[in-house]
Amino acid sequence: MSNILLGLSNVVQPMNILICLGGLVIGVLFGALPGFSATMAVAVFVPFTYTMEPGSALLLLSGLYCGGVYGGSIPAVLVGIPGTPASAPTALEGKALVKKGEAGRALNLVTMASAFGGFFSSCALLICAPLLAKIAMMVGAPEQIFVAIFGLSVVVMLSQDNLFKGCMVAIISLLIACFGQDPVLGFPRFTYGRPELTGGFDVTIVLIGLFSLPEVFKMLEDPLAKMAETGKVGSMKLKMSDVTDNIFNAFRSAIWGTMIGIIPAAGPDIAAFLAYNEARKSSKHPEEFGNGAAAGIIAAEAGNNGATGGSLIPLLTLGIPGSAPAAIFLGAMIIHGVRPGPTLFTEHAETVYTMIVGFAVINLLLYFVGLAYCKGGSMVLKIPKAILATVIVVLATVGTFSINKNLFDVFVMFGAGVLGYIMVRNDFPTSPIALALLLGPMLEKAVSITTTMYEGHMMDIFTRPLTTILMVFTIFSFIFPFAKSYLEKKKKAQQTNPES
């Protein structure tokens, strides 16, 4: 307890509060711009921390990390373009609420859920780090296989209206995820002599094109008179039911986010989709999802922000980063002479507790910083669509080029945009592409390592307790939507024909 109070006393110092706010403001901006990300924000500002105290340096990086993950949700709501892959599920619901003239409510839901998910994961980091670290130690390649397959089960829920099309898109996207180097052996595949394809297709680049350009093409379809129409921001006030009906949903999603965060190679992107899927499966009104469901926004945002604190748990306790930004944290901590591991909480207690308590304070500040951004950002909906379409294309192009400084990526982005437009016009779901590109490399690598570990004795993976538990969850996740649909049809049939 004394260490927590010591950390709190350091965080509330005026200079450290300003550092937290500065990190948040810059991080949100990085997350909101297409092509930029929380990882980029943290990486760019590491050199600026060289002359700072270790605690203050980690507070700045924490603010950048939390702000970057949250920031991607602002354009996801306002223009249907996720600033980061973790905001893709939010775009599904936010775009629908904007069309209803409830952009303000959607932004408030995003901000509230993000702050809650991040704060929850901060508390888990503070209270349960040693226990959760033991769970992280149990996660190896076999467990990652079922985490990836469990994530792919989201396709079943997202494609219930047309399961065949959804599964077909997911399978083709998994094949596309194989482009580039073999994750274990390192030899190139499907590169066709193009060095640009050695690293495969960057999921961020594909998502920028997939979600931004179809919206632009839709705008261009409208007559010029309609091009001048603007959206409605609406009130930022929430309904009482938004809070009371989603308390359990928020806690469950934050738990999912924290648990996914501690798994290396997972992170906020996968956490958002899994939390969203669980919310839809347990909802009494699953038909609302995709049409502006508050539960969907809360689940996705509490999930992806819950992964921020979760990814730091294995980093601080074991020295194993749970995400790309956490890996940069590792480098920054070593630079400042703070080496993560079992002795961190005793040898560098003041620094680490300043960071953890600061992480919680940052997520509380996130709500107020986020609302300030949302009030300014909501002005986007007042821009004439002709101008907005041009701005979106410019931002998407610049953001894509800035990732690898590669013109080939811009062509990939435009190709993904054209493909996305064709898919939308023919009622093909686009979300399975994001899921497959995120989970494909993780699944392939885990399968390769597992087959090497258990060569000739693959059934031995079920002697690992966590693998068996995850397998059960995975099977349940695939079966549940069909069982629920069958029971609902049976119930309706009985109501229609009570005698039968």
Side-chain angles (χ1 to χ4, degrees), residues 34-37 39-40 81-82 84-86 88 141 144-145 147-149 151-155 158-159 165-214 264-270 273 323-324 327 396-397 399-424 426 428-452:
F36 292 75
S37 64
T39 305
M40 193 180 296
I81 305 169
T84 60
Q144 287 184 346
I145 290 175
V147 169
I149 298 174
L152 288 170
S153 71
V154 178
V155 172
L158 293 176
S159 311
K165 287 184 177 180
C167 290
M168 184 172 70
V169 169
I171 291 169
I172 294 173
S173 300
L174 281 173
L175 294 175
I176 293 173
C178 293
F179 281 56
Q181 286 184 324
D182 183 285
V184 176
L185 301 177
F187 62 83
R189 306 169 304 186
F190 307 115
T191 58
Y192 305 105
R194 301 282 309 191
E196 299 92 342
L197 284 174
T198 304
F201 291 108
D202 189 303
V203 64
T204 305
I205 291 168
V206 174
L207 288 187
I208 290 173
L210 199 63
F211 285 94
S212 63
L213 295 187
D269 314 337
I270 297 171
F273 276 102
S323 65
T397 304
T400 298
F401 183 78
S402 69
I403 295 175
N404 298 313
K405 308 294 188 296
N406 190 340
L407 193 61
F408 179 78
D409 291 342
V410 177
F411 294 133
V412 171
M413 184 271 292
F414 275 99
V418 173
L419 177 64
Y421 177 70
I422 295 171
M423 291 174 66
V424 169
N426 291 278
F428 279 87
T430 55
S431 296
I433 296 179
L435 266 174
L437 291 180
L438 284 168
L439 294 167
M442 175 182 171
L443 176 61
E444 184 184 7
K445 185 176 181 180
V447 168
S448 297
I449 294 173
T450 302
T451 51
T452 303

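Since the model is a prediction, treat every value here as computed from it, not as a measurement. When a residue number appears, it is its place in the shown sequence, counting from 1.
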- Does the side chain of L213 come within less than 4.5 Å of V418's, by heavy atoms? no
- Message: Which heavy atom of P195 sits nearest to which heavy atom of T198, and what is that distance?
- Response: O-OG1, 2.8 Å
- Note on the structure: Minimal heavy-atom distance between M442 and Q144, with the atoms involved, is CE-O, 3.8 Å
- Nearest heavy-atom approach of L210 to G420 is CD1-CA, 3.7 Å
- Looking only at heavy atoms, what is the nearest atom pair of Q181 and R189, with distance? O-NH2, 3.7 Å
- Message: For V206 versus L437, what's the shortest heavy-atom pair and its separation?
- Response: CG1-CD1, 3.7 Å
- Heavy-atom nearest pair, G417 first then P214, reads O-CG, 3.7 Å
- Query: With F414, which residues qualify under ring pair (Phe, Tyr, Trp, His ring centres under 6.0 Å), at least two apart?
  - Reply: none
- Heavy-atom distance under 4.5 Å between the side chains of V410 and L407, does that happen here? yes
- Task: Using modelled atom types only, decide if a donor and an acceptor are shared between the side chain of N406 and the backbone of F408 within a distance under 3.5 Å.
- Result: yes
- Query: With sequence neighbours left out, what residues match F201 under ring pair (Phe, Tyr, Trp, His ring centres under 6.0 Å)?
  - Reply: F179
